[in-house]
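Written out below as structure tokens is the structure these notes cover.
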Amino acid sequence: MAASTESSFDTIAFIGGGNMASAIIGGLIRQGMPAARIAVAEPWDEARAALLQAHGITALAEPGAALERARLVVWAVKPQMLRQAAAAAGSFTRHAMHLSVAAGVRSDSIAEWVGSQRVVRAMPNTPALIGRGMTALFARAAITAAERADVEQVIATTGEYLWMDDEAQLDAATALSGSGPAYVYFFLQAMTQAGSDMGLTRDQAHQLAVATFAGAAELAHRSAEPPELLRRRVTSKGGTTHAAITSMQHSRIDWHFMRALHAARDRARALGDEFGNAPSGLAELPAARS
Ligand SMILES: NC(=O)C1=CN([C@@H]2O[C@H](COP(=O)(O)OP(=O)(O)OC[C@H]3O[C@@H](n4cnc5c(N)ncnc54)[C@H](OP(=O)(O)O)[C@@H]3O)[C@@H](O)[C@H]2O)C=CC1
Ligand SMILES: O=C(O)[C@@H]1CCC=N1
């Protein structure tokens, strides 16, 4: 973050100040970035009040000259709002590098809307809020090594990151790590419910389930052994885990779960089709004849 402090472009701007923007801003501030060097444009009063309370940032209700000092603009609006947001803020952000966190919307479209090829796409996730996020990144060809490093410095404040060579891989990453926290909470809910059905209090069941997820994930993180082996270690012959895994295999839960991730990936692609520009060449195709 020290990289550009002496330049006149010394600010990081956020267009959209909701959940994801707040998670990244929290990381920047934790790492020592002064709030005065973070500019946010956010139309919603409540979101602006939350930014002031959480981070001491007075956000703009609409894009303005304060965005012009930004060396990096983070586009953190919903995919369906990105085009409109770029049209409104574009005249203030032309000189910046652009980092979009919007699911699905492809960098060809973003480059056209922001009037620059200097576009990076990121797919973060909500554990960024506590510095334990996982972000997949993709850079267009115009992004230099120094600019990649600048993006890495920003994203590293929220946790880990992984560059993708192929932009299409971002849709798969969206299905895995972008949406992934929701799957964890989905299973936590089910485990808590099962525990409470079996006679635990909800608090007891919640504590057992959350600690189990956190511990098992940390073990997988630190271990060189694959999940298959870690799972086998829990599964005693003829024991309780075997009973549970056999039940899940009967219901083909792994297959259903994989299908769910494909649905998320397909939705990311569809968001790109729906809210981005048509891939070049396709827009001119004549309608199919029956
Ligand atoms: N939440 C998540 O787990 C993840 C989200 N993402 C992506 O992050 C992006 C933002 O998601 P999230 O933070 O959850 O959404 P939020 O709705 O919390 O935040 C988006 C904010 O942008 C505001 N906004 C709308 N239009 C404009 C505009 N023209 N200019 C400035 N601000 C505007 C919205 O206001 P209003 O409500 O009034 O419209 C809203 O407050 C999405 O594109 C999503 O795909 C990526 C990874 C994970
Ligand atoms: O659900 C969504 O579309 C966004 C992208 C990944 C997580 N949340």
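Side chains included, hydrogens not; waters and symmetry mates left out as well; all remaining heavy atoms used. Ligands are counted one by one from 1 in listed order, and the atoms in each one are counted from 1 as well. Position 1 is the first residue of the sequence; numbering continues from there.
The closest approach between any non-hydrogen atom of Met81 and ligand 1 is below 4.0 Å. Assignment of Ala41 to the shell around ligand 1 is supported, since a heavy atom sits closer than 4.0 Å.
In this structure, of Val101, Leu60, Val77, the residue bringing a heavy atom nearest to atom 42 (C) of ligand 1 is Val77. The residue among Ala182, Ala103, Pro79 with a heavy atom at the shortest distance from atom 3 (O) of ligand 2 is Ala103. Closest heavy-atom approach to atom 17 (O) of ligand 1 within the set Glu46, Lys78, Met123: this belongs to Lys78. Taking all heavy atoms of Pro43, Ala23, Ala89 into account, the minimum distance to atom 33 (C) of ligand 1 is reached by Pro43.
Asn19 ND2, 3.5 Å is the protein heavy atom nearest to atom 14 (O) of ligand 1. Shortest contact from atom 1 (O) of ligand 2 to any protein heavy atom: Ser179 OG, 4.5 Å. Of all protein heavy atoms, the one closest to atom 36 (P) of ligand 1 is Trp44 CB, 4.3 Å. Looking from atom 48 (C) of ligand 1 to the surrounding protein, the closest heavy atom is Pro124 O, 3.5 Å. Counting protein heavy atoms only, atom 19 (O) of ligand 1 is closest to Gly18 CA, 3.3 Å.
Residue Thr126 has at least one heavy-atom neighbour below 4.0 Å for each of these atoms of ligand 1: 3 (O). Which parts of ligand 2 touch Gly178 is read off a 4.0 Å heavy-atom cut-off, strictly below it: atoms 6 (C), 7 (C). Ligand 1 places these atoms under 4.0 Å from at least one heavy atom of Ile15: 30 (N), 31 (C). Close approach of ligand 1 to Gly16 (heavy-atom distance below 4.0 Å) involves ligand atoms 22 (O), 31 (C), 32 (N). Residue Ala103 approaches ligand 1 through these ligand atoms, each under 4.0 Å from one of its heavy atoms: 43 (O), 45 (O).
When atom types are taken as modelled, the side chain of Arg269 and the backbone of Gly104 share no donor-acceptor pair closer than 3.5 angstrom. At distances below 3.5 Å, at least one donor-acceptor pair connects side-chain atoms of Gln204 with backbone N or O atoms of Thr201. Side-chain N or O atoms of Ser223 include none that pairs as donor or acceptor with a backbone N or O of Ala220 at under 3.5 Å. A side-chain donor-acceptor contact under 3.5 Å links Asn125 to the backbone of Met134. Of the possible polar contacts, none joining the Ser179 side chain to the Ala175 backbone as a donor-acceptor pair under 3.5 Å is found.
Checking only distances, Ala85 never comes within under 3.5 Å of ligand 1, N or O to N or O. Between Met20 and ligand 1, a contact under 3.5 Å exists for at least one N or O pair. Inclusion of Glu42 in the set of residues having an N or O under 3.5 Å from an N or O of ligand 1 is warranted.
Checking Thr93 against His98 by side-chain atom types alone, no donor-acceptor pair falls below 3.5 Å. Using a 3.5 Å distance cut-off with no hydrogens or angles, the side chains of Ser107 and Glu167 do pair a donor with an acceptor. Side-chain atoms of Asp203 and Gln207 include no donor-acceptor pair closer than 3.5 Å.
Counting heavy atoms under 4.0 Å from ligand 1, residue Ala76 touches it through the backbone alone. The residue Pro181 has no part lying near ligand 1, judged by heavy-atom distances below 4.0 Å.
The protein reaches atom 7 (C) of ligand 2 closely, with a heavy atom under 4.0 angstrom from it. Closer than 4.0 Å to atom 39 (O) of ligand 1 lies none of the heavy atoms of the protein.
Asp150 and Arg71 are joined by a salt bridge, as a carboxylate oxygen and a charged side-chain nitrogen come within less than 4.0 angstrom of each other. In this structure, Glu218 pairs ionically with Arg222, as a charged nitrogen and a carboxylate oxygen lie closer than 4.0 Å.
Thr126 has its side chain out of reach of Asn19: every pair of non-hydrogen atoms, C-beta onward, lies at least 4.5 Å apart. Leu162 has its side chain out of reach of Leu137: every pair of non-hydrogen atoms, C-beta onward, lies at least 4.5 Å apart.
In this structure, Tyr183 has its ring center closer than 6.0 angstrom to the ring center of Phe257.
Under the side-chain contact (heavy atoms from CB on, under 4.5 Å) test applied with Arg118, the options His95, Arg140, Glu147 reduce to a single match, Glu147.
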